[in-house]
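Working notes, structure below.
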Amino acid sequence: MSFTVKSLPLLLALSLLPGDFASSAGPQPQQNVPTTSHHPRRISMEQLLKRREVPAENRWKLEDMFASQEQWDAEYKEVKGLIQSAADFQGKLDSPEALKKCFELDDKLSLLTERLYVYAHMRQDEDTAAPVYQALSQKAKKLGVEAGEALSFVTPEILALPIEKLDQFIADPSLAGYTFTLTEMKREKAHVLSKAEEALLAQVGTLAQAPQTVFSMLNNADLKFPKIKNEEGKEVELTHGSYIQFLESPDREVRKNAFKAVYETYGKQKNTIAATLSANVNKNVFFSRVRKYPSVLEMSLYGDNIPKEVYTNLIDTIHESLPLMHRYMKLRQKLLGVDELHMYDLFAPLVDEYKLDITFEEAKKITKEGLKPLGEDYLSVLQEGYDKGWIDIYENENKRTGAYSWGAYGTHPYVLLNHNDNLNSMFTLAHEMGHALHSYYSDNALKYRDAQYTIFLAEVASTTNEALLMDYLLNKSTDPKEKMYLLTYYADQFRTTVFRQTMFAEFEKIIHQRAEEGESLTPQDLSAIYYDLNVKYYGKDMVVDKEIEMEWARIPHFYNSFYVYKYATGFSAATSFAKQILEDGKPAVDKYLGFLKSGGSDYSINILSKAGVDMSSPAPIREAMSVFESVIEQMEQLTK
């Protein structure tokens, strides 16, 4: 799943490329097999259109951001000049007047750099082989680094001020537009060290990346899987990518062989990978103690000001709901018609291939119908996105794969798709337009600095769109086979995005607690913890195969610690929003639109709470679980 990346002001030092932030490191829910319809998509490189051949109506209008290369060059030159002026403020941030001018410069630099960076990368994504845009992207990236370095003195200089001075700045009316920024700085001050200590920690930064770098090289470059036999009995390569396809195979022997081959391969490297993961955990413990946090978990949540209870409530509430997961496993066993349900059966298709031909034009109409509960204003903005060149629709030669929403403040959002005429592509459209409209509403309601929403909130709007679309499709479906297909799709989203991610989150919590208590993290320790969690989450009707104890070794998310819980909380918040919108109508819609317009103007947890979703309580997760229960009940009715 992707999310809208909006560069925060350079002062806040966040720069991210758009990308596919999958809801698990393993296979995703069974997707519809691509089918053709009125306008067949071309599927081989020889047949794919070159970028210059793509009709204008199928392209996004990047000229809305920069009308020409000359315009981009002029803005680049302007940023270069602004970078030079940053030094004028160094050592002088001791008055409201100087601070305001410095923040204004930071905002302008950040916005212009964001525009240059986003445009260059989106041009490159149109045709990744085009040298001119490869060069432009590198040029924009280097400019961003220069701008960041030029303003790198600002945060340390402000944090070096006495608390009393910071409080004066926070209360000063002339700095009202920066109250939240200054309040955040004050909150962070307790965990910022002396200048010398910070300089030393900065030098440790490269070493701190070592565990993730080593794992990435081992996992992506050095690890080789054996060949296995496919459905036709031919020996084929087993890779990270093909493993997903093999687990989705209707042939159980193929699934089993792929499963065993993958985990036997990881098992041969268990000592190295355990040492790497343990080093990452110990690195986290080091930084949390040096920066005076009570624990690694609390350090990880501190940036977004997320209470620890959000994390622990998620785990505790999902524990309450495990009987639902176990019930779904029993139903999965029945639908597959197997005597025992194994771990390699989790991604097997439950419904025979169901052909859903949905052209892009049809996908737009159906999505708009599904989002009607959000009201006329939302639908009019959605239609504007359809009509005004927000979307780059189809695959072309060398186009970036996947899908994302991106953009820069002051210009409408953009959406990159690689549309196929199927159900999955329609949900992708709904998902990415959710991101796009979140950005649209935030940007139009707020000034630049406050419009930038956090990653904690990023998946909420997109997933709310998917939930509303699913409800619409289920309500209008009269074909039992189609309905079962849709329900299966939805149930697997709950399983992979809520239950699986929460299990990952619990594993991270356990291994960090063990390290903080001075206990070991040997391969045997890690495997035992992980295996026991699988037994707990999947229940007695599942045969928890011994091989699954090595799955911890292939999850790259564990090197970006305490991150995956956001998938589960985001999905739960979105499901709660959708449920309220469908049940309560306009009052809930008004609150939801208020959420979309809030950007990053407050802490994420407060923004959600004002809109009626209190993630510090178990209520939203329980609401999501009630929807999951309804899905299971409908599936059970169809199997009678």
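- At a threshold of 4.5 Å between non-hydrogen side-chain atoms, the residues Asp392 and Lys399 count as touching.
- Between the side chains of Glu197 and Ser194, at least one donor-acceptor pair of N or O atoms lies under 3.5 Å.
- Heavy-atom neighbours of Lys189 NZ from other residues, nucleotides or ligands within 6.0 Å: above the threshold of 12.
- Ring orientation note: the planes of His412 and Trp390 are close to parallel, at an angle under 30° on the 30°/60° scale.
- With sequence neighbours left out, the side chain to side chain donor-acceptor pair (under 3.5 Å) criterion links Thr454 to Ser604.
- Between Phe562 and His512, the ring planes are tilted. Angles from 30° to 60° get that label.
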Problem - Asp73 vs Lys77, salt bridge (charged side-chain N to carboxylate O under 4.0 Å, His left out): CA-CA, chis, key distance, verdict - result: CA-CA 6 Å; Asp73 292 338; Lys77 187 177 179 182; over 6 Å; no

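- The closest side-chain donor-acceptor pair between Glu114 and Tyr448 falls under 3.5 angstrom.
- At a threshold of 4.0 Å, the pair Asp584-Lys579 does not count as salt-bridged, since none of the basic side-chain nitrogens sits closer than that to a carboxylate oxygen.
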Practice task
Start with the C-alpha gap between Thr502 and Glu506, add the side-chain angles, then the distance that decides, and say whether side-chain contact (heavy atoms from CB on, under 4.5 Å) holds.
Solution key: CA-CA 6 Å; Thr502 303; Glu506 187 170 0; 5.6 Å; no

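- With sequence neighbours excluded, the residues that form a side chain to side chain donor-acceptor pair (under 3.5 Å) with Lys364 are Glu361.
- Ring orientation note: the planes of Tyr565 and Phe456 are tilted relative to one another, at an angle of 30° to 60°.
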Practice task
For the pair His121 and Tyr133, evaluate ring-ring contact (aromatic ring centres under 6.0 Å, His included) and give the outcome as yes or no after the intermediate values.
Solution key: CA-CA 8 Å; His121 275 277; Tyr133 293 122; over 10 Å; no

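- Between Arg500 and Tyr567 the shortest side-chain heavy-atom distance does not fall below 4.5 Å.
- Aromatic ring centres of Phe287 and Tyr293: separated by at least 6.0 Å.
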Quick one: side chains of residues 171-180, donor-acceptor pairs under 3.5 Å with protein atoms, not counting sequence neighbours, listed by atom name and distance.
unit_1: Asp172; atom_1: OD1; unit_2: Ser174; atom_2: N; d: 2.9
unit_1: Asp172; atom_1: OD1; unit_2: Ser174; atom_2: OG; d: 2.6
unit_1: Tyr178; atom_1: OH; unit_2: Asp107; atom_2: OD2; d: 3.3
unit_1: Thr179; atom_1: OG1; unit_2: Ala176; atom_2: O; d: 3.1

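- Aromatic ring orientation, His431 versus His435: perpendicular (interplanar angle above 60°, classes split at 30° and 60°).
- Ring geometry, Tyr441 versus Tyr378: the interplanar angle falls under 30°, so the pair is classed parallel (tilted spans 30 to 60°).
- No close placement of the Phe504 and His557 rings is indicated, their centers lying 6.0 Å or farther apart.
- At a cut-off of 3.5 Å, with distance as the only test, a side-chain donor of Glu298 or Ser295 sits close to an acceptor on the other residue.
- Judged by a 6.0 Å distance limit and a 45° cone about the ring axis, Arg115 is not positioned over the six-membered ring of Tyr76.
- Salt bridge status for Lys101 with Glu97: absent, with no side-chain N to carboxylate O gap under 4.0 Å.
- Ring geometry, Phe66 versus Trp72: the interplanar angle exceeds 60°, so the pair is classed perpendicular (tilted spans 30 to 60°).
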Exercise for the section: For Asp602 and Lys610, run salt bridge (charged side-chain N to carboxylate O under 4.0 Å, His left out): C-alpha distance rounded to whole Å, both residues' side-chain angles, the deciding distance at 0.1 Å, then the answer. Expected result: CA-CA 10 Å; Asp602 196 352; Lys610 288 173 192 172; 2.9 Å; yes

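- Residues Arg622 and Thr317 bring no donor and acceptor atom of their side chains to less than 3.5 Å of each other.
- Counting heavy atoms from C-beta outward, Leu371 and Met433 have side chains that stay 4.5 Å or more apart.
- Residues Thr411 and Asp64 bring no donor and acceptor atom of their side chains to less than 3.5 Å of each other.
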